[in-house]
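Working notes for the structure below.
In listed order, ligands and their atoms are each counted from 1. Quantities reported herein were computed from a predicted structural model and do not represent experimental measurements.
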Amino acid sequence: MCGIVGYVGTKEAAPLIWDALLRLEYRGYDSSGIAVLDGQGISTVKCKGRLSDLKARLRELPAATLGIGHTRWATHGVPSDRNAHPHRDCTGNVVLVHNGIIENHRELRERLLKRGHRIESETDTELVAHLIEEEYDGNLASTVAHVSRELEGSMAFAVIHASEPGKIVVYRDKNPLIIGLGDGENFVASDIPAILPYTRKVIVLNDGECAEVTRDGILIKDYSGRIVHREPVVLDARAEAGEKGGYEHFMLKEIFEQPEALSRAISARIRYDRVILEEEEFGLSADEVKCLDKVYLVACGTAYHAGLVGKMLIERLAGIPAEAVLASEFRYAEPIIPRNTLCILLSQSGETLDTIAAAREAKKRGARLLAITNSALSSLAREADNVLYQRAGIEIAVASTKAYTTQVVCLALISVYLGRLRGVLSPETERELCAELVSLPKKAEAALGVKDEIEKISSELFDRKDIFFIGRGVDYLTAMEGQLKLKEISYIHAEAYAAGELKHGTLALIEPGVTVVAVMNDPALSQKTASNIMEVKARGGRIIAVGSEECLLAVHLDGDDARVPVPATYPLFSPVVSMIPLQLLAYYVAKRKETDIDKPKNLAKSVTVE
Ligand code: F6R
């Protein structure tokens, strides 16, 4: 989704901003632009398409040492040169970039048009430049703070004014914005990776804060105009901007990073055959855990699929009623939150607006909030009472892979921990589950061994119109994530069905040659799934069966079908292992189709609009 970068210092701004925007490319965008400010005023270049298209235009800009840049993911108005940011007012003195959505844009547009403003784009963003033009009182920061009161929605801005050279004004409300501190130079960005090569010292703005950024200093004021003193956070030296490290795509690299990521997520949290969570990671006392009446798991997309696994884990291992809800639905569903409710919010980026809005709703209704996220300093991490970090390492590819498997293990750790505190799990069972968790990185490593087999299978699937995924119990949840992965990056229509549901309607879709991916990891259910597979085969369907050796034995496959064995584990942990062949399947089908695997169309890495 949209990205913001700003620079003020001694270096030439435009190439530096372009380079920083490139590091946000993975978030998804359809146009980009940069504006620089020097003694002569503001100059802007912007265009539809890739940053490589913008690069050719940078020479049109003067060698100024202050500028702002943007990658846009279209919401209001089609992707076009005209709608690309930065946007300007009628005079060209005010220029800004914006992430988020201004919800009252219609009435603002009408009002500005009536007052004679020339509005050139279809965007909500441009309207803000005209509002600043109208209200400018010689002080850009106070004008931006004032104008922000008229705006409804979510927003992060970086604004420059021709009369105030040497200064970038930034404002944040419900959209992330950070300030990076350098030596004789400062940076602004919507996301940390943008500025990692330049500085590791950052200040995170809170909602309602407005800041003036010059090369020598930062002045932050809160919503009521009071000066805010905030110490910068120094980022971990291991924080990396993300390199492909010899892999053709980030997605493949991240699939292969899973054993290591899982090991980071698990190992320090299991000691002496027990799950140990630190106070800041969990926070509820043993007594509070015993009193828990309900757990909600709230998330979007892939993280929601992890949440569905979490519901099963928490109910089975800790005996607490649990419900997984899509974040975009939770907020408006008037959820009933019993007195002792834990709301677990899952978000790789920690910036998904739907999830953050759901967190606020749950908090308002009295729930305790636990975030599972991969992003330190993210809005969600700061919103929640406690944070369990996934420790997956930066995920660049838009399609989530290691974020999913590390979320599942975080949920497994929580479930075992809750199960012990509530007396549901005996020490013996906890020991066995912990041993199983510790073995998951090795099992994931073994599952990666199916790569060549999957590549071969994929070469026959790339021209399919529909592919179905089936499974029972937890395998159905793996099937759901498998189909999402496939359609996200290959654009092939895919659907997941609970295997037992096929005969209640969808079996009509199975025709000769149609491929059905069957997931089988639960020995208690494999015979049943095997019967459903026979229903598919009787109608000419072709099976790709993914699962443990033991479960695969239950099914009779023939020449046209494929068998993809993965190591067996405790069934509710199996998504961590059996998802790996499905991620590889999506990857190789997309590769064969030559889609833009790391940046699939119309998808963004972190979705900061509702
Ligand atoms: C799928 C994918 C999306 C995200 C969803 C939530 O591969 O990446 O479905 O899972 O947008 O994102 P986070 O986890 O950042 O809240």
Side-chain angles (χ1 to χ4, degrees), residues 1-3 24 26-28 73 174-176 190-193 249-252 254-255 258 261 297-310 324-331 344-359 369 371-381 383-384 387-390 392-408 410-411 477-478 480-491 494 496 575 579-580 582-587 590 595-610:
M1 205 141 254
C2 307
L24 297 185
Y26 71 95
R27 294 168 50 88
W73 190 84
K174 302 190 204 79
N175 251 260
S190 51
D191 303 86
I192 289 168
H249 294 96
F250 280 111
M251 182 176 176
L252 190 62
E254 288 157 9
I255 291 172
Q258 287 176 107
L297 299 112
V298 181
C300 304
T302 287
Y304 168 67
H305 292 157
L308 289 168
V309 180
V325 189
L326 287 164
S328 53
E329 294 293 322
F330 182 86
R331 187 179 175 193
I344 302 180
L345 301 128
L346 298 128
S347 173
Q348 187 285 130
S349 63
E351 299 296 350
T352 300
L353 195 60
D354 282 322
T355 310
I356 293 166
L369 305 188
I372 297 182
T373 179
N374 201 27
S375 309
L377 306 183
S378 61
S379 305
L380 185 65
E383 198 82 32
V387 185
L388 190 68
Y389 285 107
Q390 296 172 228
I394 188 166
E395 191 181 68
I396 299 279
V398 166
S400 239
T401 53
K402 60 179 180 171
Y404 170 78
T405 47
T406 51
Q407 279 167 352
V408 172
C410 284
L411 289 163
L477 308 182
T478 306
M480 287 170 83
E481 173 59 7
Q483 59 85 34
L484 176 65
K485 225 53 348 159
L486 183 74
K487 62 188 172 199
E488 273 180 323
I489 59 168
S490 74
Y491 317 144
M579 194 51 219
I580 289 176
L582 304 188
Q583 293 166 346
L584 287 166
L585 187 81
Y587 174 81
T595 63
D596 192 349
I597 293 182
D598 285 336
K599 299 185 284 292
K601 65 182 175 194
N602 301 338
L603 258 191
K605 186 67 186 159
S606 100
V607 183
T608 48
V609 295
E610 267 194 73

Give the numbers and elements of all ligand 1 atoms closer than 4.0 Å to a heavy atom of Ala303. 10 (O), 14 (O)
Do Lys601 and Thr595 pair up side chain to side chain, a donor and an acceptor below 3.5 Å, judged on atom types alone? no
Is a donor on one side and an acceptor on the other found under 3.5 Å between the side chain of Glu395 and the backbone of Ala403? yes
Does ligand 1 have an atom under 4.0 Å from some heavy atom of Glu351? no
Which atoms of ligand 1 are found less than 4.0 Å from any heavy atom of Ala399? 7 (O)
Sorted by chain and residue number, the ring-ring contact (aromatic ring centres under 6.0 Å, His included) partners of Tyr304 (sequence neighbours excluded) come out as none
Show me which atoms of ligand 1 lie under 4.0 Å from any heavy atom of Lys485. 1 (C), 7 (O)
Under 3.5 Å, is there a donor on one side chain and an acceptor on the other for Thr401 and Gln583? no
In chain order, what residues pass the side-chain hydrogen bond (donor to acceptor under 3.5 Å, both in side chains) check against Asn374, with sequence neighbours excluded? Gln348
Check whether any N or O atom of Thr352, backbone or side chain, sits under 3.5 Å from an N or O atom of ligand 1, and answer yes or no. yes
Could you pull out, from Thr302, Val398, Ile489, the option with a heavy atom nearest to atom 8 (O) of ligand 1? Val398
Gly307 backbone acceptor or donor facing Gln407 side chain under 3.5 Å: no
Against heavy atoms of Ser347, which atoms of ligand 1 measure under 4.0 Å? 13 (P), 14 (O), 15 (O), 16 (O)
